[in-house]
Amino acid sequence: MRPARLMKVFVTCRIPPEGRALLAQAADCEVEQWDSDEPIPSKELERRMAGAHGLLCILSNRIDKKLLDAAGANLKVISTLSVGVDHLSLDEIKKRGIRVGYTPDVLTDATAELAVSLLLTTCRRLPEAMEEVKTGGWTSWKPMWMCGYGLSQSTVGIVGLGRIGRAIARRLKPFGVQRFLYTGRQPKPQEAAEFQAEFVPALQLAAESDFIVVACSLTPSTRGLCNKDFFQKMKNTAVFVNISRGDVVNQEDLYQALVSGQIAAAGLDVTTPEPLPTDHPLLALKNCVILPHIGSATIRTRNTMSVVAANNLLAGLRGEPMPSEFVM
Ligand code: NDP
Ligand code: DGY
């Protein structure tokens, strides 16, 4: 029997089948979904959220004061299909006593795999080399042609030795990395022990690393962290990779560092804005590899994320402990 008062839930996009099925089976919820692969316009989201008890959203939805006001006092839980929560106005959400669910851990392996792929793709110049094969640039085997940089005996600097940062270091270690550095809010000797990683200030990490991988969360203290000062400290043979959020990097400063030869190359899975306009200057650079934010994009991972997000939402609505609650 259906309960007399159904809780209204809004889902801002199509989600993978396992999560969708869980929501469809919830007898105490009336679930509405933006049934398109294109993002919901913010005005439409505000309209659809009026009176909702729960929201399942993705990282491209801005959940700000305006939207929360439009939703009204019924809203009890926001479940995001992401581990990053930088698209949520946490202060406003906390003020209203709304609970937040997110999807840590289940995407760590997929994202670390992608980070390592992007690093190798960038440092060994794979897109450039493939282009040469297609366009006739491959004329013969030449000793100094298409040379890049290898991981063996290198120093790798991880910005943010969290779940994903550690999973990246774990995968890079067998490539023969000699030394790991990391930076963050404070040293984490227990986590760092696995890699004998040394805690250093961000600028020291920039100066001493051959490869830098940014894997921190986007917060007021990490916004713009990789800027002109940071790139100027880097070796001109060093490779920079960002899988965190575009706003951790000052993109204009990164562009200048790549064009001037201040650094060797960059691999970005995240940019500002997303999508990056197709005429963006970074896309014209041979030493910059850009992917469309696909860190967690394996079928299994996205399905699992949808299950966690759906269960977070349902548990939050029912006043139960969530599988993964973001504690503010
Ligand atoms: P964690 O919370 O485990 O790790 C975040 C790390 O950021 C922590 O180690 C934290 O260090 C660090 N950090 C915080 N402030 C700073 C600072 N000022 N300087 C340097 N580091 C800092 O999160 P996850 O590892 O699970 O995820 C990290 C981020 O990766 C997400 O927030 C998301 O933005 C991004 N991501 C991107 C994906 C993609 O598709 N490209 C997929 C999944 C995640 P400390 O402990 O010292 O505070
Ligand atoms: C996240 O979860 O924060 C990623 O950016 C997408 O999986």
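Counting convention: from 1, in listed order, for ligands and their atoms alike.
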Where ligand 1 meets Ser296 - atom numbers and elements under 4.0 angstrom, heavy-atom basis: 40 (O)

Thr103 and ligand 2 - part of the residue with a heavy-atom distance under 4.0 Å: neither

Exercise: do Thr219 and Ser217 side chains pair donor with acceptor under 3.5 Å: no

Polar contact flag for Ser296 and ligand 2 (N/O pairs, less than 3.5 Å): yes

Closest approach of any protein heavy atom to atom 18 (N) of ligand 1, naming residue and atom: Ser221 OG, 3.3 Å

Which segment of Gln186 sits under 4.0 Å of ligand 1 when only heavy atoms are counted: both

Under 3.5 Å: N/O of Thr108 near N/O of ligand 1: no

Atom indices of ligand 1 within 4.0 angstrom of Leu161 heavy atoms, with elements: 9 (O)

Ring centres under 6.0 angstrom apart (Phe231, Phe240): yes

Per atom 19 (N) of ligand 1, closest listed option by heavy atom (Gly184, Gly246, Ser82): Gly184

Lys286 with Glu131: basic N within carboxylate O range, under 4.0 Å: no

Proximal candidate to atom 46 (O) of ligand 1 [heavy atom criterion; set His87, Arg185, Lys188]: Lys188

Sub-4.0 Å heavy-atom contact, Leu218 with ligand 1: no

Arg163, Arg166, Met305: member with heavy atom nearest to atom 3 (O) of ligand 1: Arg163

For atom 17 (C) of ligand 1, closest protein heavy-atom neighbour: Thr222 CG2, 3.3 Å

For atom 34 (O) of ligand 1, closest protein heavy-atom neighbour: Arg245 NH1, 3.2 Å

Identity and distance of the protein heavy atom lying nearest atom 29 (C) of ligand 1: Cys216 O, 3.5 Å

Which residue and heavy atom of the protein sit nearest atom 30 (O) of ligand 1, plus the separation: Ile164 CD1, 3.9 Å

Side chain, backbone, both or neither: the part of Ala215 lying under 4.0 Å from ligand 1 by heavy atom: backbone

Ligand 1 atoms in contact with Asp269 (distance to a heavy atom under 4.0 Å): 39 (C), 40 (O), 41 (N)

Protein contact of atom 2 (O) of ligand 2 - nearest heavy atom, named by residue and atom, plus distance: Val83 N, 2.8 Å

Gly295 N/O to ligand 1 N/O under 3.5 Å: yes

Ion pair check, Arg166 and Glu194, cut-off under 4.0 Å: no

Heteroatom proximity flag, Val159 to ligand 1, N/O under 3.5 Å: no

Proximal atoms of ligand 1 relative to Ser244 (non-hydrogen, under 4.0 Å): 34 (O), 35 (C), 37 (C)

Reported NZ-to-CD1 distance for the pair Lys76 and Ile78, which is rounded to 0.5 angstrom: 11.5 Å

Side-chain H-bond candidate by donor/acceptor type, Asn250 with Glu252, under 3.5 Å: no

Gly84 neighbourhood, listing ligand 1 atoms whose heavy-atom distance to it stays under 4.0 Å: 32 (O)

Polar contact flag for Gly84 and ligand 2 (N/O pairs, less than 3.5 Å): yes

Atoms of ligand 2, numbered as shown, that sit under 4.0 Å from any heavy atom of His293: 4 (C), 5 (O), 6 (C)

Atom indices of ligand 1 within 4.0 angstrom of His293 heavy atoms, with elements: 39 (C), 40 (O), 41 (N)

Separation between CG of Leu81 and CZ of Arg302, rounded to the nearest 0.5 Å: 7.5 Å

Pick from Thr111, Val214, Ile168, Ile243: the one approaching atom 42 (C) of ligand 1 most closely through a non-hydrogen atom: Thr111

